[in-house]
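These notes concern the structure reproduced below.
Counting starts at 1 for both ligands and their atoms, in listed order.
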Amino acid sequence: MNAEWEDKLQEDFMQNKKWLPDLWLSAGGIVSSSSSPTWHLAISIGLSPVPLITMAASSTSELLLTDIATQDITCIPSNYIRPISDRPNLLDVEFSNAQIPLVDLQDLLGPDRSRVVEAIGLACQNGGFFQVKNHGIPEAMIDDVLRVSKEFFQLPVSERLKNYSDDPMKTTRLSTSFNVRTEKVRSWRDYLRLHCYPLEHFVHEWPSNPGTFRQIVSDYCKKVRDVALQILEAMSESLGLEQNYISKALGSHAQHMAINYYPPCPQPELTYGLPAHKDPNVITLLLQDDVPGLQVLKDANWVAVDSSRYNLVINVGDQIQALSNGKYKSVLHRAVVNDSSPRISIPTFYCPSPDAVIRPAESLVGEEHPPLYRSFTYAEYYDKFWSQGLNSASCLDVFRAR
Ligand code: OGA
Ligand code: NI
């Protein structure tokens with residue numbers, strides 16, 4: 001081989017490797033390029049370094065991950081592969097659930113209220129995450145919501161696609177990954193997003209199949225809203241504010257929900273269900289089935305959160321960080337996937353209404369605590385969040401006071 005030809009091969013190889021970062025370790029895998037929806041069968045030939053010859057095997061028009069993941073694949077498509085510097089390092093995760101405090105909400109109603117309020121305050125200040133039990137949502141209702149959600153994702157593709165949209169501003173939509181309009185690498189997730197407060201404004205848009213979906217999910221939305229309001233009262237108190245301070249700061253309130261479906265993934269070490277992010281809303285109340293996947297950043301380590309379907313996992317979102325002038329922290333978290341079981345998680349995102357003006361509470365601002373954020377409307381914040389894409393840089397940084 002002459003030197004020029006060898007250089008050319010080397011160059012081709014590097015170019016291919018840019019698109020197909022791991023492929024030469026898994027020669028013969030089926031991949032698809034992130035720039036085109038066509039599937040390729042990649043075959044590597046020759047001795048190392050090897051050029052890659054790609055040829056079309058079959059094409060896919062699959063919009064949803066569920067319909068890719070159910071084809072018996074052993075390698076993930078290349079547009080799901082994260083760069084080496086941004087992979088989950090699954091062996092480097094702590095499994096100590098003691099890191100995520102468990103709060104008994106029943107005690108909020110009794111003589112121990114001030115102790116529970118304090119525990120919630122400490123959790124919000126330290127790790128930004130806690131779990132709650134005895135929250136008043138019946139176990140049978142939780143089972144029903146998880147069951148009907150699973151049934152939804154098992155519907156024929158034509159039925160699911162009735163709700164498909166990649167427009168983040170739609171109030172009811174089925175989509176995939178995070179935001180396919182802005183992201184370069186996809187995440188291993190499909191999701192149904194529903195606005196759910198006031199219910200009567202939105203419920204008619206929701207899927208009508210399965211036939212019990214609207215009823216079961218509406219009942220759950222009302223119950224989980226009661227829990228959110230209780231927790232917001234406790235948080236207000238724990239900040240030394242009037243019990244209804246946060247509620248009043250949220251305008252006419254809003255509530256969104258996602259039903260996340262993470263199919264089994266043949267190479268969970270190369271991708272995420274959801275990469276590290278902070279939630280843009282006020283608080284998130286997460287219901288999950290019994291399959292683990294949620295991880296929280298604590299003292300620079302990723303900690304796996306136990307998945308117990310009957311406890312809700314609560315976390316502080318960006319709006320509480322702003323309202324509390326940085327005292328309570330919106331913390332990075334992520335979802336990882338596994339190669340054996342599908343996972344369903346159902347976060348409720350409690351939100352301000354779009355017109356609500358969010359600003360640090362006056363009593364938490366002083367000489368020693370200058371305002372960290374300027375005031376903004378939630379509509380402004382929400383737009384920014386969805387246009388930025390999920391990344392570890394907090395969207396709140398854009399709203400810092402100057
Ligand atoms: C989210 C989220 C975690 C999970 O949807 O914002 O963080 O475990 N989900 O699905
Ligand atoms: Ni989240």
Side-chain angles (χ1 to χ4, degrees), residues 65-66 88 90 93 95 97 99-100 124 127-131 142 145-146 149-150 153 168 173-180 183 186-196 224 228 254-265 268 271-298 302-321 328-338 341-351 381-382 385-386 388-396:
L65 172 65
T66 305
L90 297 170
V93 170
F95 284 86
N97 210 41
Q99 305 256 30
I100 315 293
C124 294
F129 268 78
F130 56 100
Q131 307 180 69
I142 290 178
V145 174
L146 287 167
S149 299
K150 190 169 178 188
F153 281 98
R173 68 191 181 106
L174 177 70
S175 197
T176 191
S177 187
F178 169 67
N179 185 354
V180 292
E183 67 203 0
R186 287 203 174 186
S187 295
W188 202 261
R189 168 182 84 139
D190 285 338
Y191 63 99
L192 178 64
R193 236 188 120 99
L194 308 172
H195 285 215
C196 33
V224 81
Q255 180 180 341
H256 304 172
M257 150 190 233
I259 302 184
N260 294 320
Y261 181 70
Y262 303 102
C265 173
T271 193
Y272 289 107
L274 266 178
H277 66 281
K278 297 176 181 177
D279 290 348
N281 45 289
V282 178
I283 53 169
T284 303
L285 303 91
L286 183 79
L287 167 67
Q288 45 184 341
D289 64 12
D290 306 300
V291 180
L294 173 64
Q295 301 183 345
V296 177
L297 194 65
K298 186 118 201 260
W302 286 103
V303 176
V305 179
D306 246 10
S307 53
S308 162
R309 64 167 61 197
Y310 301 124
N311 293 344
L312 296 176
V313 179
I314 315 294
N315 67 280
V316 171
D318 291 350
Q319 303 313 309
I320 291 286
Q321 184 168 327
Y328 289 176
K329 302 283 185 319
S330 176
V331 167
L332 281 175
H333 55 285
R334 64 187 191 182
V336 298
V337 288
N338 72 81
S341 308
R343 171 168 184 258
I344 288 183
S345 75
I346 307 184
T348 289
F349 303 110
Y350 209 75
C351 307
Y381 197 88
Y382 197 71
F385 175 80
W386 281 97
Q388 271 205 333
L390 275 194
N391 56 32
S392 333
S394 173
C395 183
L396 257 186

Checklist entry - Any luck finding a side-chain donor-acceptor pair between N281 and D318 under 3.5 Å? => result no
Checklist entry - If the Ni ion (ligand 2) is the vertex, what is the angle to NE2 of H333 and NE2 of H277, rounded to 10 degrees? => result 90°
Checklist entry - Quick one: do the R334 and H277 side chains pair a donor with an acceptor below 3.5 Å? => result no
Checklist entry - Who passes ring pair (Phe, Tyr, Trp, His ring centres under 6.0 Å) against Y272, sequence neighbours left out? => result none
Checklist outcome for this item: protein heavy-atom neighbour closest to atom 3 (C) of ligand 1 works out as L294 CD1, 3.9 Å
Item to check | N/O separation below 3.5 Å, Q288 to ligand 1 | outcome: no
Checklist entry - Do the side chains of P268 and V336 get nearer than 4.5 Å, heavy atoms only? => result no
Checklist entry - With a 4.5 Å heavy-atom cut-off, do Y191 and L174 have their side chains touching? => result no
Checklist outcome for this item: Within 4.0 Å of some non-hydrogen atom of H277, the atoms of ligand 1 are 1 (C), 2 (C), 6 (O), 7 (O)
Item to check | Ligand-residue contact atoms, ligand 1 with R343, heavy atoms, under 4.0 Å | outcome: 4 (C), 8 (O), 10 (O)
Item to check | contact_flag P347 ligand 1 heavy-atom lt 4.0 Å | outcome: yes
Item to check | Close-contact set for ligand 1 against L274 heavy atoms, below 4.0 Å | outcome: 1 (C), 2 (C), 5 (O), 9 (N)
Checklist entry - Where do L297 and H333 land on the side chain to side chain contact (heavy atoms under 4.5 Å, CB included) test, with the steps shown first? => result CA-CA 6 Å; L297 194 65; H333 55 285; over 6 Å; no
Checklist entry - Would you call Y191 a ligand 1 contact, heavy-atom distance under 4.0 Å? => result no
Item to check | Check: V291 main-chain N/O paired with D289 side-chain donor or acceptor under 3.5 Å | outcome: yes
Checklist entry - Going by the order shown, which atoms of ligand 1 are within less than 4.0 Å of some heavy atom of H333? => result 7 (O)
Next on the checklist: Between the Ni ion (ligand 2) and D279, which N, O or S atom of the residue is the nearest one?
Outcome noted: OD1
